[in-house]
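Atoms within a ligand are numbered from 1 in the order they appear, just like the ligands themselves.
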Amino acid sequence: MTSGLEVRPLDVLHRDRIADLLEATGVFSESERTVALELFDEALSPRVATSGAEPDYSFLGAFTTDDELAGFACWGPTPDTDGTYDLYWLAVDPLLAGTGAGTLLLSEVEQRLRSKDARMVVAETSSRDDYEATRWFYAKRGYTEAGRVADFYAKSDDRIIFTKRLEPAAAGSASTPEHQGVNR
Ligand SMILES: CC(C)(COP(=O)(O)OP(=O)(O)OC[C@H]1O[C@@H](n2cnc3c(N)ncnc32)[C@H](O)[C@@H]1OP(=O)(O)O)[C@@H](O)C(=O)NCCC(=O)NCCS
């Protein structure tokens, strides 16, 4: 059981760990994992890092006290919307599941979005049985099913669109931008 977790930005050196972690979850296909790594490469490219503009994709990692990457989140502004953001990826090493990394990452992403007056987070997932725990995870954290496309991913594998509306950040409750920790 992990007793302490810390959220920090990721580095290119974490790429292999992310690849392993995505595979270890057992729920993502090879092409999905490839897309995740493409987004990671894009997000950490010097061109994006130095542009000054809001990035299309942002990544954060949750680290154990042993500095092991337990999980990561990736999100970005939904194109052509005003204040809506997609949570593109949220994944935690199954060996460290249930230790709070997913909750910590999700709440940190939401906190960062509130601080920039984002209105809504969209998280898409699947209706497959192996995503049942994930659906519960989102539901218990204030996400509601806003839409469903039957047979979207495959026959009997629906695309479920969860959304959560964000309240504006309370004055004086600023997030710590690059460092956020929790103990459980
Ligand atoms: C869903 C996921 C991100 C949750 O991360 P986590 O670090 O295990 O979550 P936490 O420890 O913060 O919270 C555990 C909660 O998640 C749920 N959960 C989901 N999958 C779980 C798992 N494999 N093991 C333990 N708890 C799990 C539990 O119901 C628990 O709920 P509760 O504490 O509210 O009762 C993680 O299990 C995961 O990466 N799953 C596979 C990939 C995935 O489905 N990503 C979601 C986007 S598609």
Practice task
In plain terms, say whether Arg128 and Asp158 are close enough for a salt bridge, that is, a side-chain N and a carboxylate O under 4.0 Å apart.
Solution key: no
ask   = Heavy-atom contact under 4.0 Å between Pro94 and ligand 1?
value = no
Note: ligand 1 atoms sitting under 4.0 Å from heavy atoms of Ala101 are 7 (O), 12 (O)
Within the 4.0 Å heavy-atom cut-off, what Trp89 brings close to ligand 1 is neither
Problem - Asp130 atom CG, over 12 foreign heavy atoms within 6.0 Å - result: yes
Numbered in order shown, the ligand 1 atoms found under 4.0 Å of a heavy atom of Thr103 are 10 (P), 12 (O), 13 (O)
message = Count I, L, V, M, F, W, Y as connected when their side-chain heavy atoms are under 4.5 Å apart, and connections chain through other members. Are Val92 and Leu95 then in the same cluster?
response = no
Original post:
What about Gly102: any of its N or O atoms under 3.5 Å from an N or O on ligand 1?
Top reply: yes
For Val122, the other hydrophobic cluster members (4.5 Å side-chain criterion, sorted by chain and number) are Met120, Ile161
request  = Would you confirm whether the ring centroid of Phe28 sits within less than 6.0 angstrom of the ring centroid of Trp89?
outcome  = yes
Exercise. Return yes if some donor-acceptor pair links the side-chain N/O of Glu32 with the main-chain N/O of Ser29 below 3.5 Å, else return no.
Key: yes
Item to check | Sub-4.0 Å heavy-atom approach of Tyr131 to ligand 1 | outcome: yes
Query raised in the report: Do Thr84 and Arg119 have side-chain atoms, one donor and one acceptor, less than 3.5 Å apart?
Result: yes
**Asked** Any Lys/Arg nitrogen of Asp151 or Arg159 sitting under 4.0 Å from an Asp/Glu carboxylate oxygen of the other?
**Response** no
Nearest non-hydrogen contact to atom 13 (O) of ligand 1 from the set Arg141, Glu32, Glu124 belongs to Arg141
Do Trp136 and ligand 1 have an N or O pair less than 3.5 Å apart? no
Candidates Leu5, Thr134, Leu95; heavy atom nearest atom 1 (C) of ligand 1 found on Thr134
In terms of its nearest heavy atom to atom 11 (O) of ligand 1, the top option of Ser126, Ala133, Ser107, Gly100 is Gly100
Salt bridge check, Arg8 against Asp67: does any charged N sit closer than 4.0 Å to a carboxylate O? yes
With sequence neighbours left out, the residues meeting side chain to side chain contact (heavy atoms under 4.5 Å, CB included) with Leu166 are Glu110, Leu113, Arg114, Ala118, Val121
The atoms of ligand 1 lying under 4.0 Å from a heavy atom of Val27, numbered in the order shown, are 41 (C), 42 (C)
To atom 37 (O) of ligand 1, the nearest of Ala97, Ala70, Ala123 on a heavy-atom basis is Ala97
- Message: With a 4.0 Å cut-off on heavy atoms, is Ala91 in contact with ligand 1?
- Response: yes
Practice problem: Compute the ring centroids of Phe162 and Tyr143, then answer whether they are less than 6.0 Å apart. | Solution: no
Per-atom filter on ligand 1: closer than 4.0 angstrom to a heavy atom of Thr99 are 11 (O)
So the atoms of ligand 1 within less than 4.0 Å of a heavy atom of Val92 turn out to be 5 (O), 7 (O), 38 (C), 39 (O)
If we number the atoms of ligand 1 from 1 as shown, the ones under 4.0 Å from a heavy atom of Tyr138 are 46 (C), 47 (C)
Numbered in order shown, the ligand 1 atoms found under 4.0 Å of a heavy atom of Lys140 are 32 (P), 34 (O), 35 (O)
So, are Glu42 and Arg47 salt-bridged, with charged N and O less than 4.0 Å apart?
yes
Logged contact type for Leu104 with ligand 1, heavy-atom cut-off 4.0 Å, is neither
- Is Leu96 in polar range of ligand 1, meaning some N or O pair under 3.5 Å apart? no
